[in-house]
Amino acid sequence: MRYCDDRFVEHYNDLKKMVERNQTKFENDNLSSIALHYLYVASFDAKRAIADKTAFEYYLGQAEKFWTKRGIYEQGLIALTCKRFGRATTTEAIIKSLKERAQTSEELGMYWKRDWGYRWHELPIENQSLMIELFNEIGDQEAVDNLKIWLLKNKQTNAWKTTKATASAVYALLKTGANWLDDDAALSIQLGGKELDQSQIQKEAGTGYFKTKVEAAQVTAQLAEVKVQNPNKVMAWGGLYWQYFEQLDKIKDFRETPLTLKKDLFQVKYGDKGEEMTPITEGGNPDPKGELKVGDKVKVRIELRVDRDMEFVHMKDMRAAGFEPTNVLSSYKWQEGLGYYESTRDAATNFFFDYLPKGTYVFEYTLLVNHKGDMSNGVTTVQCMYAPEFSSHSEGVRVKVISL
């Protein structure tokens, strides 16, 4: 700390020299990140003797004056620093502002809607961990629990990139609020009104994770009614899967998931106004007027919606046997801020996303009709490989191709 004190004083002396040379003014915003971090570190021992009171009061006053120009992470640092040094008015103003901008939901907890970057104050896990530290410091346990929910839900679909991020998250989860590891009572799960017997099911140590299955002969319509009761004060989550066989063109779309898909086919024609597209399967329903001929050009349009950031996502778009893609080369592509790898195979086109941010995306590619017949066009499926419980599919349709 003595070394930090000396560098802090040097930092302030350098500023005074700049003021003497008319390069800046004391009343300007001169709060650097290094000075802000010094104040934050010094706040852990607020009773310690201050090395240079003039420099300290100046930069602390800068933090109180210009906090509105800082990002969420830096505002958190300022709020914690002011709280520990008795500047309650500034802390209250920052807390009020943070709560007004926060998003809160039962599913995802409490978080802030913003674009994350690669700079030190733009990293999502470190930001969330600091917010947990801040709200724990002021004693807002409801906010702390909601912030911890977002942190865990983020881990469900994303890999924490660095040891620094992981250490910050683990510290925030274990050292703030109630100890969530203490609540480990078994959940009450009823399938079709019958309690699931968990006495013979082996569970994973620490997490309590388990997996069980119902054989096909035991599956009844009543099993569609599932009731789960959680006796613990902390959240729990799981997945329920129904596996069955069906004709591809009779599959209905599934949208009750964070990932939703919509797929349409269009016949491409050329007229006086250039390229014109006529729907063939708008909304998944074949258009009786949209019969195709060998040699026609077809455009596939896939609309993908995702309600949270996900990593390692795979989307597979099947195609009818009578279609051939115009693009046969696999390559990495960049489209409106989204990067992905597109791979064309014999029966489907695959899309691989290292990172899929929350939002709506549209993908298009063209096919050529090379065979006649009445064919199933298959379905489009998407799944988060990091969290396989998040998956979805479009509905299946048929296409009819007549001869020339």
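With hydrogens and angles ignored, the 3.5 Å screen pairs a side-chain donor or acceptor of Thr162 with a backbone N or O of Ala165. When atom types are taken as modelled, the side chain of Arg398 and the backbone of Asp374 share a donor-acceptor pair closer than 3.5 angstrom. A donor-acceptor pair is defined here as one N or O able to donate and one able to accept, closer than 3.5 Å; such a pair exists between the side chain of Gln62 and the backbone of Asn28. Distance alone, capped at 3.5 Å, is enough to place a donor-acceptor pair between the Thr91 side chain and the Lys83 backbone. Side chain of Asp317 to main chain of Thr349: no donor-acceptor pair is present (N/O by atom type, distance under 3.5 Å, no hydrogens or angles). Asn230 places a side-chain N or O within donor-acceptor distance of the main-chain N or O of Val234, the cut-off being under 3.5 Å.
Atom OG1 in Thr54 sits 12.0 Å away from atom OH in Tyr59 (nearest 0.5 Å). Residue Lys155 holds its NZ atom at 7.5 Å from OG1 of Thr166, rounded to the nearest 0.5 Å. Residue Ser394 holds its OG atom at 11.0 Å from CG of Leu304, rounded to the nearest 0.5 Å. To the nearest 0.5 Å, atom CH2 of residue Trp150 and atom CG of residue Leu108 are 9.5 Å apart. We find the CZ-CE distance between Phe323 and Met375 to be 6.0 Å, quoted to the nearest 0.5 Å. In this structure, CG on Asn146 lies 12.5 Å from CG on Leu151, to the nearest 0.5 angstrom.
There is a side-chain donor-acceptor pair under 3.5 Å between Tyr58 and Asn30. Of the N and O atoms on the side chains of Gln198 and Lys203, at least one donor lies less than 3.5 Å from an acceptor on the other residue. Counted by atom type alone, His393 and Thr380 present zero donor-acceptor pairs between their side chains at under 3.5 Å. Between Ser188 and Glu195, the side chains place a donor N or O and an acceptor N or O closer than 3.5 Å (distance only, hydrogens not considered). A side-chain N or O of Tyr355 and one of Asp309 form a donor-acceptor pair less than 3.5 Å apart. Using a 3.5 Å distance cut-off with no hydrogens or angles, the side chains of Ser330 and Thr344 do not pair a donor with an acceptor. Checked by atom type, the side-chain pair Gln190/Gln229 shows no donor-acceptor distance below 3.5 Å. Looking only at atom types and distance, the side chain of Asn127 has no donor-acceptor partner in the side chain of Trp112 under 3.5 Å away.
Residues Cys82 and Leu60 approach most closely at SG-CD1, 4.4 Å, considering heavy atoms. Across every non-hydrogen atom of Met110 and Ala143, the tightest pair is SD-CB, 4.1 Å. Smallest separation of non-hydrogen atoms from His121 and Tyr73: O-CB, 3.7 Å. Of all heavy-atom pairs spanning Ala55 and Asp52, the tightest one is N-OD1, 3.1 Å. The two residues Leu338 and Pro357 come nearest to each other via the heavy atoms CD1-CD, 3.8 Å. Taking every heavy atom of both residues into account, Met131 and Leu98 meet most closely at SD-CD1, 3.9 Å.
Contacts of Arg70 classified as side-chain hydrogen bond (donor to acceptor under 3.5 Å, both in side chains), with partners at least two apart in sequence or in another chain: Asp29. For Arg345, the side-chain contact (heavy atoms from CB on, under 4.5 Å) test picks out Ser343, Asn350, with sequence neighbours left out.
Of the candidates Glu126, His37, Lys164, His37 is the only one forming a side-chain contact (heavy atoms from CB on, under 4.5 Å) with Trp120. Each of Tyr38, Tyr3, Phe56 was evaluated against Phe8; a single residue qualifies, Tyr38, per the ring-ring contact (aromatic ring centres under 6.0 Å, His included) test.
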Inset, instruction - Start with the C-alpha gap between Glu275 and Lys299, add the side-chain angles, then the distance that decides, and say whether salt bridge (Lys or Arg N to Asp or Glu O under 4.0 Å) holds. - result: CA-CA 11 Å; Glu275 186 177 275; Lys299 179 165 286 189; 3.5 Å; yes
Inset, instruction - Carefully, step by step, assess Glu276 and Lys269 under the rule salt bridge (Lys or Arg N to Asp or Glu O under 4.0 Å). - result: CA-CA 5 Å; Glu276 299 176 357; Lys269 298 180 180 179; over 6 Å; no
Inset, instruction - Could you give me the CA-CA distance, side-chain angles and deciding distance for Ser392 and Thr260, then say whether side-chain hydrogen bond (donor to acceptor under 3.5 Å, both in side chains) is met? - result: CA-CA 6 Å; Ser392 185; Thr260 58; over 6 Å; no
Legend entry - side-chain hydrogen bond (donor to acceptor under 3.5 Å, both in side chains) between Glu64 and Thr90, intermediate numbers included: CA-CA 6 Å; Glu64 290 187 286; Thr90 301; 2.8 Å; yes
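For Lys233, the NZ atom sits in a loose shell: 12 or fewer heavy atoms of surrounding residues, nucleotides or ligands are nearer than 6.0 Å. Other residues, nucleotides and ligands place more than 12 heavy atoms under 6.0 Å from the CD atom of Glu204. Within a 6.0 Å sphere centred on CZ of Arg21, heavy atoms belonging to other residues, nucleotides or ligands number more than 12. Atom OH of Tyr341 sits in a crowded spot, with more than 12 heavy atoms from other residues, nucleotides or ligands closer than 6.0 Å. With a 6.0 Å radius and a threshold of 12 heavy atoms from other residues, nucleotides or ligands, Asp346 has its CG atom at or below the threshold. Annotation for Ile201: atom CD1 counts as buried by contact number, over 12 foreign heavy atoms lying within 6.0 Å. The local environment of CD in Glu27 is crowded, with over 12 non-hydrogen atoms from other residues, nucleotides or ligands closer than 6.0 Å. For Lys153, the NZ atom sits in a packed shell: over 12 heavy atoms of surrounding residues, nucleotides or ligands are nearer than 6.0 Å.
Comment: Glu107 engages Arg308 in a salt bridge, judged by a side-chain N to carboxylate O separation of less than 4.0 angstrom. Salt-bridge annotation for Arg87 and Glu57: present, with a side-chain N of the basic residue lying under 4.0 Å from a carboxylate O of the acidic one. Note on Lys99 versus Glu142: no salt bridge recorded, every NZ/NE/NH1/NH2 to OD/OE distance being 4.0 Å or above. Using a 4.0 Å cut-off between a side-chain N of Lys or Arg and a carboxylate O of Asp or Glu, Arg84 and Glu137 qualify as a salt bridge. Taking a cutoff of 4.0 Å between a charged side-chain nitrogen and a carboxylate oxygen, Glu364 and Arg301 qualify as a salt bridge. The pair Lys358-Asp307 does not count as a salt bridge, with every side-chain nitrogen at least 4.0 angstrom from each carboxylate oxygen. Ion pairing between a basic and an acidic side chain is recognised when a charged N comes within 4.0 Å of a carboxylate O; Arg7 and Glu10 show such pairing.
In summary, the aromatic rings of Phe351 and Phe363 are positioned with their centroids under 6.0 Å apart. Ring centroid separation for the pair Phe44 and Tyr40 comes in under the 6.0 Å cut-off.
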